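Because the structure is a prediction, the values reported are computed rather than measured.
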Amino acid sequence: VDKALSASQNVGASGTVTLSSTNPVSATIIAGGASGSQAGIPVLKLDLSSTGGTLNGLKLKRMGISSDSSVDNVYLWDGSTLVAEMSSLSNSVVTFSGLNLAISGTKTLSFTMDLNRSASAGQTIGFSVNQASDVTFAAGAASGSFPVSGNIMTVAVVSDLGRLSLNATATLNSTTVNPVTNNFEAMRLPFQATNQNITVSWLRLKMLGSINASDLANIKLFDGATQLGTTQTLDSTNYVVFDFSASPLAINNGVAKTLSLRLDVLNGSTRTIQFSLQKANDIKVMDSQYGVPVRLDSGTVGTYTVRNSAQTTVSSGSVTVSVANDSPSGTLTLNATNVKLAKYNVTSNGEAAKFSQLSFIVANPSGVAWTDMRNLRVLFNGS
């Protein structure tokens, strides 16, 4: 094992892969049976160095005395960015494919796993890069002396591991909204803590609707009147991320708490707004008693189903016309020229408006008619 931990292997002709100096140490991991299981368990870190290679695929070998069914999922991370979930786990081999991950210099890749809730006490689990062909670059497979092995984790079983459930669908928001609406509630997230006190420190939501990102602003997450994290915008992949790890949200055992997603709708007439908490790992949940991360479920232990908000349609644009505060009134002078008769404010809401015709009438009890006026004209912003 010591030899494997210090081994360095060539990656093609232009790079190396080594075990990171911050590779996770051996630890006890928790299966909770009817109460769920530990999630996001750090199991391996690799340093990949290249002069400009592209990592396309990677395989990990499951080590230890356990079975494939003891592992629910394995994730590949580049820092805090989730690169991929495993494509498959079969015959003790975890496969990541279609990565297309550029590596220039040295990049540390981390691997985490979700433990199956039915894993048995005393089982051991670890992961290694087992052979040269398990690391595939665009130029070909890696070469060198393998395996590169992480440390072994040992399973313990408890009956009261903390749970966080998103029990109800998040479709409690309005299905319509007017353009130019501030502080619109776009999604509700009703959570329920069980067994232990729970903390939540990070949340990522996907915007599924057809509205343009530029039509939404000031996206905020609230616990009642308390804002969680900072005000956000949609990123280039239509995700919005809230990081409130500096002041995590506490949800005590047995308590239900509903979070609210609010935003400003600037434009986007006839387009749709819909948010989704798509995966259990789109939220970071911690059991406060055992001090381990646990996986969100949707009411059934160990199972998460996608939760979407109701699809909201932005109403068609409208035009508001009002008399301006400085519109003239009073007596007109006979035979005067260039007389201003009225002034209006015209506001387009939600989308640009085009006017092809304007109609005016003379409403005067003294009997004044259009024939009493000459050289009529309409000015738009002075032109």
Novice: Taking C-beta and beyond as the side chain, do Val155 and Ser66 meet within less than 4.5 Å on heavy atoms?
Specialist: no

Novice: Is any side-chain heavy atom of Ile103 closer than 4.5 Å to a side-chain heavy atom of Phe137?
Specialist: yes

Novice: With distance as the sole test, does Ser276 use its side chain to make a donor-acceptor pair with the main-chain N or O of Asn308 at under 3.5 Å?
Specialist: no

Novice: So, taking the atom named OG1 in Thr371 and the one named CE in Met373, what distance separates them when rounded to the nearest 0.5 Å?
Specialist: 8.0 Å

Novice: Please tell me whether Val94 and Tyr75 are part of a single hydrophobic cluster in this structure, the criterion being side-chain heavy atoms less than 4.5 Å apart.
Specialist: no

Novice: Set out, in order, the CA-CA distance, both residues' side-chain angles and the distance that settles side chain to side chain donor-acceptor pair (under 3.5 Å) for Asn73 and Glu85, then state yes or no.
Specialist: CA-CA 7 Å; Asn73 210 339; Glu85 299 183 23; 2.9 Å; yes

Novice: With a 4.5 Å heavy-atom cut-off, do Ser315 and Pro179 have their side chains touching?
Specialist: yes

Novice: Between Asp297 and Thr303, is a side chain to side chain donor-acceptor pair (under 3.5 Å) present by the stated rule, with each step listed?
Specialist: CA-CA 5 Å; Asp297 65 59; Thr303 302; over 6 Å; no

Novice: To check you understand the geometry: which heavy-atom pair defines the closest contact between Phe242 and Leu228, and what is its length?
Specialist: CD2-O, 4.1 Å

Novice: First locate atom OG1 of Thr108, then atom CG of Leu46, and finally report the distance between them rounded to the nearest 0.5 Å.
Specialist: 9.0 Å

Novice: What are the two closest heavy atoms between Thr305 and Ser298, and how far apart are they?
Specialist: N-OG, 2.9 Å

Novice: Output yes when a side-chain donor or acceptor of Asn252 lies under 3.5 Å from a complementary backbone atom of Val255, and no otherwise.
Specialist: no

Novice: Is the CZ atom of Phe380 crowded by more than 12 outside heavy atoms at less than 6.0 Å?
Specialist: no

Novice: Can you list, pair by pair, the side-chain donor-acceptor contacts under 3.5 Å of residues 209-225, counting residues two or more places apart and other chains?
Specialist:
unit_1	atom_1	unit_2	atom_2	d
Ser210	OG	Thr272	N	3.0
Ser210	OG	Thr272	OG1	3.2
Asn218	ND2	Asp264	OD2	2.7

Novice: Under 3.5 Å, side chain of Asn197 to main-chain N/O of Asn253, donor-acceptor pair present?
Specialist: yes

Novice: Please check: side-chain N/O of Gln278 versus main-chain N/O of Leu205, any donor-acceptor pairing under 3.5 Å?
Specialist: no

Novice: For the residue pair Met153 and Pro42, what are the closest heavy atoms and their distance?
Specialist: CE-O, 3.6 Å

Novice: Locate the shortest heavy-atom distance separating Asn23 from Gly150; write the atom from each residue and the value.
Specialist: ND2-CA, 3.8 Å

Novice: How long is the gap from CG on Leu261 to CZ on Phe184, to the nearest 0.5 Å?
Specialist: 9.5 Å

Novice: Can you give me the closest heavy-atom contact between Lys107 and Ala102, atom names plus distance?
Specialist: CE-O, 3.4 Å

Novice: How about Lys206: does its NZ atom have over 12 heavy atoms from other parts shown lying under 6.0 Å from it?
Specialist: yes

Novice: Out of Ile283, Leu189, Leu296, which residue meets the side-chain contact (heavy atoms from CB on, under 4.5 Å) rule with Val200?
Specialist: Ile283

Novice: Rounded to the nearest 0.5 Å, how far apart are OG of Ser201 and CG of Leu249?
Specialist: 9.5 Å

Novice: Rounded to the nearest 0.5 Å, what separates atom CH2 in Trp77 from atom CG in Leu109?
Specialist: 13.0 Å

Novice: Given 3.5 Å as the limit, does a donor-acceptor pair link the side chain of Ser20 with the main chain of Thr22, or not?
Specialist: yes

Novice: Counting distance only, does the side-chain N/O of Asn151 pair as donor-acceptor with the main-chain N or O of Pro24 below 3.5 Å?
Specialist: yes

Novice: Would you confirm whether Thr270, through its side chain, and Ser316, through its main-chain N or O, come within 3.5 Å as a donor-acceptor pair?
Specialist: no

Novice: Please assess Ser97 against Thr95 for the test side chain to side chain donor-acceptor pair (under 3.5 Å), listing each intermediate value before the final yes or no.
Specialist: CA-CA 6 Å; Ser97 58; Thr95 300; over 6 Å; no

Novice: Is there a chain of hydrophobic side chains (I, L, V, M, F, W, Y, each step under 4.5 Å between heavy atoms) that links Val346 to Val378?
Specialist: yes

Novice: Between Asn173 and Ile273, is there a side-chain heavy-atom distance shorter than 4.5 Å?
Specialist: no

Novice: How would you list all residue pairs meeting ring pair (Phe, Tyr, Trp, His ring centres under 6.0 Å) that involve residues 105-127, not counting sequence neighbours?
Specialist: Phe96-Phe111

Novice: Check the hydrophobic clustering (I, L, V, M, F, W, Y; side-chain heavy atoms under 4.5 Å; chains of links allowed) and say if Leu259 and Met286 are grouped together.
Specialist: no

Novice: Rounded at 0.5 Å granularity, tell me how far OG in Ser110 sits from CG in Leu82.
Specialist: 11.5 Å

Novice: So do Leu341 and Val339 actually touch side chain to side chain, heavy atoms under 4.5 Å?
Specialist: yes

Novice: Is Asp282 salt-bridged to Arg204, going by a charged N under 4.0 Å from an acidic O?
Specialist: yes

Novice: Cluster question for you: counting only ILVMFWY and a side-chain heavy-atom cut-off of under 4.5 Å, with indirect links fine, are Leu58 and Phe146 together?
Specialist: yes

Novice: Quick check: do Phe275 and Leu263 have side-chain heavy atoms less than 4.5 Å from each other?
Specialist: yes

Novice: Is there a path of hydrophobic side-chain contacts, each under 4.5 Å between heavy atoms of I, L, V, M, F, W or Y residues, that connects Leu161 with Tyr304?
Specialist: yes

Novice: Determine whether more than 12 heavy atoms belonging to other residues, nucleotides or ligands lie under 6.0 Å from atom CG of Asn375.
Specialist: no

Novice: Could you pull out the closest heavy-atom pair between Lys61 and Asn91, with the gap in Å?
Specialist: NZ-O, 3.9 Å

Novice: Check whether Gln232 reaches the backbone of Thr230 with its side chain - one donor and one acceptor, N or O, closer than 3.5 Å.
Specialist: yes

Novice: Looking at Ile152, is its backbone amide N or carbonyl O close enough to the side chain of Thr124 to form a donor-acceptor pair, meaning the two atoms are under 3.5 Å apart?
Specialist: no

Novice: Are any of the side-chain heavy atoms of Val17 and Val129 separated by less than 4.5 Å?
Specialist: no

Novice: Any donor and acceptor pair, going by atom type alone, linking the side chain of Arg163 with main-chain N or O of Asp160 inside 3.5 Å?
Specialist: no

Novice: Side chains of Val265 and Val180: closer than 4.5 Å at any heavy-atom pair?
Specialist: no

